[in-house]
Amino acid sequence: HRSGSREGWVAGSPQEVTRCRADASCPAPVPGQELGSGEYSPPSSPAPWSLPRWRAYLAAAVLCYINLLNYMNWFIIAGVLLDVQKFFHISDSKAGLLQMVFIGCLLLSAPVFGYLGDRHSRKVTLSVGIILWSGAGLSSSFISPSHAWLFFLSRGVVGIGTASYSTIAPTVLGDLFVRDQRTCVLAIFYLFIPVGSGLGYVLGSAVAELSGNWRWALRITPCLEAVALILLLVLVPDPPRGAAEKQGVVALGGRGTAGGRTSATFGESNQSFVWSTLGVTAMAFVTGALGFWIPKFLFEARVVHGLQLPCFQEPCSSQDSLIFGALTVGTGIIGVILGAKASSTYKKVNPRAEPLICASSLLAAAPCIYLALILAPITLLGCYVFLALGELLLSCNWAVVADILLSVVVPRCRGTAEALQITVIHVLGDAGSPYLTGLISSALRAARPDSYLQRFLSLQQSFLCCVFAIALGGGCFLLTALYLERDQAQVGQPGTGTSTPRMHARLRADPVGAKSTGHPLHEPLAS
């Protein structure tokens, strides 16, 4: 008989139950539901979504490769900035506006992609983003000097395309791996942020020097991105949201739920998400300004030391972009590995290890960046040494920050949380910092005699705000450490769609008692 209760199929009498069991045409009773006279079929857990380990690692490798290309697009223009300024006849403030347009379009589209990524196919969304940014990058290489506004517009479209990847790709990895595996994979994934950024400088400057035309740098990357699109479509799966956590709970005999509390997602009740977002925003403010202007700063420092002639016509010397790119790649690899290793080791003795590592590295990076700026007109070697140390310390945070977010946000909301964090990071961070730095530099230069030394000093002094931003970021991560354990416990509560190691231990010790506490382990399937 069909019943109107929440339990679904209910047999009306013991005789009908017996007859149905003997009849193969009768529908099988749903596990965990009433059969008649108080009888219940034994509950069983649904089969978890699974993927062979080699397929998961292959998908992670493809996503890392695309992340490399993603960040090469971020900084390929910075590697040929002097040539771009000469070609389009733009000042420092307008050059900073170029990066602001790119980041502004990225942050405006990130919430849209986050919404789509939480509700629709993530693979399709990622594919559309790759097509957008590669097509816009290729077309921008054919723009004439009289249509500079079109070049600005094309960089905005590139920003829209990259927003899809920056928002969604970490959530795919979060659903393929869990806990320590996820920390390790995210460390490798975020390793390609500094590596891709450094290779962007190297590719832009090297291609400009070899071909004599900076625009060829924008024509090479679309070929690599076409390969990336094919690999994404063929090799990367689209796992269910929270698949890794659900698989871990099923292995213990339980089942996570998709509904339930939303207070543990993000917002005013999730202080660790708020403060870690502000901390990484301060870090983005610094990396945005330094990443865009440091190659030019180093070039002008060499001119001040008499090691380089001023550039009055393109192509300009790209030696400093190559050196800075190599530094970024080297320090990025070492920094991300050190940060991930320190996090996984220190977490065993201190559950607040992740924000404390981020705070320590930022507070130590602040004096390094300050000394690099101050020593530039005195000794280039000292400038490079402290600049490398500062980059190394900043790079320690990339994978650790991502792991903080994934640990305090429920799986079904991670795409939206990533989008919200990216929006805040870029609105208050690297969207405005290159433009603000260029604006301060132009304002200081306007009040001083027109000489190369004064140009250099104006750019140097405009960087000093970055030192204060790094220190503020360190303070935000210290505040994150105060709330981390509480917010992780909220995410692991029943109804949030995930679980914590402490919950797993409790379920092993008292699986029957979990029913009385409301854990979904023994609830009827229909609920």
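Bear in mind the structure is a predicted one, so any value in this text is a computation, not a measurement.
Using modelled atom types, no side-chain atom of Tyr483 and backbone atom of Phe273 make a donor-acceptor pair closer than 3.5 Å. Remark: side-chain polar atoms of Trp293 are paired, donor with acceptor, to backbone N or O of Pro434 under 3.5 angstrom. Under a 3.5 Å cut-off, the side chain of Gln460 and the backbone N or O of Leu373 do form a donor-acceptor pair. No side-chain donor-acceptor contact under 3.5 Å links Ser276 to the backbone of Thr480. Between the side chain of Ser134 and the backbone N or O of Pro222 there is no donor-acceptor pair closer than 3.5 Å. Distance alone, capped at 3.5 Å, is enough to place a donor-acceptor pair between the Thr287 side chain and the Met283 backbone. In this structure, Ser361 contributes its side chain and Cys358 its backbone to a donor-acceptor pair below 3.5 Å. Under the 3.5 Å distance criterion, the side-chain polar atoms of Asp487 are left unmatched by any main-chain donor or acceptor of Val408. A distance-only check finds a donor-acceptor pair linking the side chain of Ser360 to the backbone of Leu356 [under 3.5 Å]. Thr167 places no side-chain N or O within donor-acceptor distance of the main-chain N or O of Ser164, the cut-off being under 3.5 Å.
Atom-to-atom distance recorded for Ser127:OG and Arg122:CZ is 13.0 Å, nearest 0.5 angstrom. Between Ile470 atom CD1 and Ile369 atom CD1 the span is 5.0 Å, to the nearest 0.5 Å. Distance CD1/Ile323 to OG/Ser205: 10.0 Å, rounded to 0.5 Å. Remark: Asp83 CG to Arg215 CZ distance equals 11.0 Å, nearest 0.5 Å. Atoms CG and OG, from Leu464 and Ser462 in turn, are 8.0 Å apart once rounded to the nearest 0.5 Å. Atoms CD and CZ, from Glu485 and Arg352 in turn, are 5.0 Å apart once rounded to the nearest 0.5 Å.
Inspection of the Ser272 and Asn270 side chains reveals an N or O donor paired with an N or O acceptor under 3.5 Å. One side chain, Tyr346 or Asn350, offers a donor N or O that lies under 3.5 Å from an acceptor on the other.
Between Thr171 and Ile168 there is a side-chain heavy-atom pair separated by less than 4.5 Å. In this structure, the side chains of Thr437 and Phe463 come closer than 4.5 Å at one or more pairs of heavy atoms. Side-chain atoms of Phe151 and Ile77, non-hydrogen and from C-beta on, do get closer than 4.5 Å to each other. Using a 4.5 Å heavy-atom threshold, the side chains of Phe477 and Val401 count as touching. Contact of the Val157 side chain with the Cys105 side chain is not registered, since no non-hydrogen atoms from C-beta on lie closer than 4.5 Å. Within the 4.5 Å cutoff, no side-chain heavy atoms of Leu199 are placed close to those of Ile76. In this structure the side chain of Pro295 never reaches within 4.5 angstrom of the side chain of Leu81, judged on heavy atoms. Within the 4.5 Å cutoff, the side chain of Gln421 has no heavy atoms near those of the Val424 side chain.
The two residues Gly204 and Ala217 make their nearest non-hydrogen contact at CA-CB, 3.8 Å. Taking each heavy atom of Ala301 and Leu380 in turn, the nearest pair found is CB-CD2, 3.8 Å. Closest non-hydrogen pair, Val101 versus Phe152, comes out as CG1-O, 3.3 Å. Ser433 approaches Ala284 most closely through the heavy-atom pair OG-O, 4.4 Å. The shortest heavy-atom contact between Leu63 and Phe189 is O-CE1, 3.5 Å.
Ring planes of Phe324 and Tyr201: perpendicular class, angle over 60° (limits at 30 and 60°).
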CA sep, side-chain torsions, deciding dist, call: Tyr71, Tyr165, ring-ring contact (aromatic ring centres under 6.0 Å, His included): CA-CA 10 Å; Tyr71 278 90; Tyr165 197 79; 8.8 Å; no
Quick one: do Leu394 and Leu362 satisfy side-chain contact (heavy atoms from CB on, under 4.5 Å)? Show the steps, please. CA-CA 6 Å; Leu394 290 173; Leu362 288 184; 3.5 Å; yes
For ring-ring contact (aromatic ring centres under 6.0 Å, His included), just list the numbers for Phe87 and Trp214, CA-CA rounded to whole Å, side-chain angles, deciding distance to a tenth of an Å, and then say yes or no. CA-CA 10 Å; Phe87 185 80; Trp214 63 271; 5.6 Å; yes
Stepwise, does the side-chain contact (heavy atoms from CB on, under 4.5 Å) test hold for Arg448 with Leu457? CA-CA 10 Å; Arg448 294 174 174 178; Leu457 292 176; 3.8 Å; yes
Step by step, would you call Val195 with Leu68 a side-chain contact (heavy atoms from CB on, under 4.5 Å)? CA-CA 7 Å; Val195 172; Leu68 175 75; 3.7 Å; yes
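The residue from Ile130, Val227, Leu126 that alone fulfils the side-chain contact (heavy atoms from CB on, under 4.5 Å) condition with Ile66 is Ile130.
With Phe142 as the aromatic partner, Arg219 meets the cation-pi criteria of under 6.0 angstrom to the ring centre and within 45 degrees of the ring axis.
The neighbour count for Tyr370 OH, taken as heavy atoms of other residues, nucleotides or ligands under 6.0 Å away, does not exceed 12. Surrounding CZ of Phe456 are more than 12 heavy atoms belonging to other residues, nucleotides or ligands, all under 6.0 Å away.
The ring of Phe75 has its center no closer than 6.0 angstrom to the ring center of Phe102.
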